[in-house]
Amino acid sequence: MAQSILKEFNKGLWEQVPPFRLVLGLCPILAVTKSVENAVGMGLASTFVFVFSNLLVAMLRNIIPSKVRIAAYIIIIATFVTVVELVMQAYTYPLFLKLGIFIPLIVVNCIALGRAEAFASKNPPLASVADGLGMGIGYTISLAVVGALRESLGNGTLLGHTVFGPDFLPFRFMLEAPGAFVCLGLVLCVMNLIGKK
Amino acid sequence: MREMIKMVVVLTVLSAFSGGLLASVRTGTKDKIEQQVLKFQKAPAIKQILSDVSNDPLQDRFKIMDKEQELTFFVGKHDGKPDAVTFETAGKGFGGDLGLMVGINIESDAIIGVCVTTHSETPGIGSRAKDDPKFAAQFAGMTMDKNFATKKDGGDIDAMSGATVTSKGVCVAAQQAQDIYTRLKPEIQKQIAQMAN
């Protein structure tokens, strides 16, 4: 039992890490990864939503009629997203301003709906929480990696600290939207190379 | 039939539960959010306008209901005498709503200064309304009987070149402030008189 739960948790970290293996949740990874701080904030907000929506969906999995399940999942996910939004507004206001519209947009994040549909609706609550937590942490790390690459190359800083010294000429392209695509593609490529061995 | 009733009941209960949860989170975070908005958006603008006051305008504030809207007025004191108020109005900019903090001297009915609080204007073009002090400085010293419109519209304000829509948005917000101040002046004076006692 404990082993299978650990397995559900682990798979989100590498085997099925959302943006690179499942290739889901790409909108935020392109939009909010201009800095590590934004990326981690977004990742943690998403993690909270995944964990609690998975928990609730799993608890109600035998009650929700299958014909209205998507509507029910959306209600559950939207509720937790709004909770996150209000809490962030109350306690981390500057971060909330930076992430802006992308916090409410977690509602339509494919990972949240995908995990509810593909996993939590068929599994008991504990395994679903482990799945949500694993996916969330995997997602946070992915966002942070892309964020770190883009922030360090595009701005020469990491978490606000200069990393390459004063002579470094920032590669501004990395901070633009096309740079995000290129960066995402490169990380995906490296992950596939490692996975092949 | 049974199934249909079940669908309706499940969705209704779920929505009601979600509504209840959100209402309680909202009530719980409302004051905190108001404080954060004050601290991060309004405070810098108020400090800029009322830079030489002897009190803390954020503490000395009062609210007046204007039609359906509740307006917060921040009072500035010079040598212990409350003679300045600031409040926020809104105009339509190029990229959405634009908030403008307007400071007025209640003895001379002249504008002390204006400052953009929130905006979603194009960086480097419309955002100059906030970043370039020259544009906002034009309002300083104007009395309430002046026409706060761009020169093109028959007023006295030089629009920022390339940012006509933003300039007009700021002017509309300023005109709104003029309108509100003229209409609510007796009420404002009453509140300030109470504060002085």
Side-chain angles (χ1 to χ4, degrees), chain A residues 31 34 41 45 48-49 52-53 55-104 106-107 112-113 116 120-121 155 172 175-177, chain B residues 1-46 58 88 90 93-99 101 116-124 126-127 130-131:
Chain A
K34 277 183 190 164
F48 173 86
V49 174
F52 284 93
S53 63
L55 174 68
L56 214 63
V57 168
M59 276 160 60
L60 299 174
R61 70 187 186 283
N62 296 324
I63 301 171
I64 297 173
S66 65
K67 280 184 188 161
V68 291
R69 64 180 195 283
I70 301 293
Y73 300 161
I74 294 286
I75 295 176
I76 293 172
I77 295 168
T79 306
F80 287 113
V81 169
T82 314
V83 169
V84 168
E85 198 190 348
L86 287 170
V87 170
M88 283 186 79
Q89 225 173 329
Y91 295 97
T92 57
Y93 197 75
L95 186 64
F96 168 80
L97 285 184
K98 275 193 217 149
L99 296 178
I101 185 69
F102 293 100
I103 293 295
I106 301 176
V107 175
L113 195 59
S121 62
N155 205 20
R172 289 275 171 217
L175 290 185
E176 318 261 332
Chain B
M1 193 60 196
R2 246 186 85 87
E3 198 197 354
M4 212 171 99
I5 294 171
K6 196 184 170 196
M7 288 197 291
V8 173
V9 170
V10 168
L11 280 186
T12 311
V13 171
L14 206 57
S15 308
F17 169 75
S18 148
L21 178 70
L22 289 184
S24 58
V25 173
R26 195 184 138 72
T27 325
T29 52
K30 201 171 157 236
D31 292 343
K32 190 82 191 160
I33 291 175
E34 204 182 352
Q35 268 177 30
Q36 295 268 350
V37 173
L38 264 180
K39 188 172 156 200
F40 287 102
Q41 288 190 335
K42 296 188 179 162
I46 295 170
L58 291 178
E88 196 180 11
F94 188 69
D97 285 342
L98 188 146
M101 189 61 79
V116 175
T117 49
T118 49
H119 70 87
S120 30
E121 303 307 293
T122 322
S127 70
K130 185 182 175 109
D131 305 331

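Predicted model only: the values in this text are computed from it and were never measured. Below, chains carry the letters A, B, ... as their sequence lines are ordered, and counting in each starts from 1.
In this structure, A/V49 and A/V84 have side chains that are in contact, with non-hydrogen atoms separated by less than 4.5 Å. In this structure, B/V116 and B/M101 have side chains that are not in contact, with every pair of non-hydrogen atoms separated by 4.5 Å or more.
In terms of heavy-atom pairs under 4.5 Å with chain A, the best-connected choice from B/V25, B/L22, B/D31, B/L21 is B/L22. Residue with the most contacts toward chain A among B/K6, B/Q36, B/Q35, B/K39: B/Q36 (heavy-atom pairs, distance under 4.5 Å).
Looking at B/L14, both its backbone and its side chain come within 4.5 Å of chain A, counting heavy atoms on both sides. Looking at A/F96, there are no atoms closer than 4.5 Å to chain B (heavy atoms on both sides), in backbone or side chain.
Listed by first and then second residue, the side-chain hydrogen bond (donor to acceptor under 3.5 Å, both in side chains) pairs that reach into residues 10-30 of chain B are A/T79-B/S18, sequence neighbours excluded.
Applying the salt bridge (Lys or Arg N to Asp or Glu O under 4.0 Å) rule to B/E3 yields the partners A/K67; only residues at least two apart in sequence or on another chain are considered.
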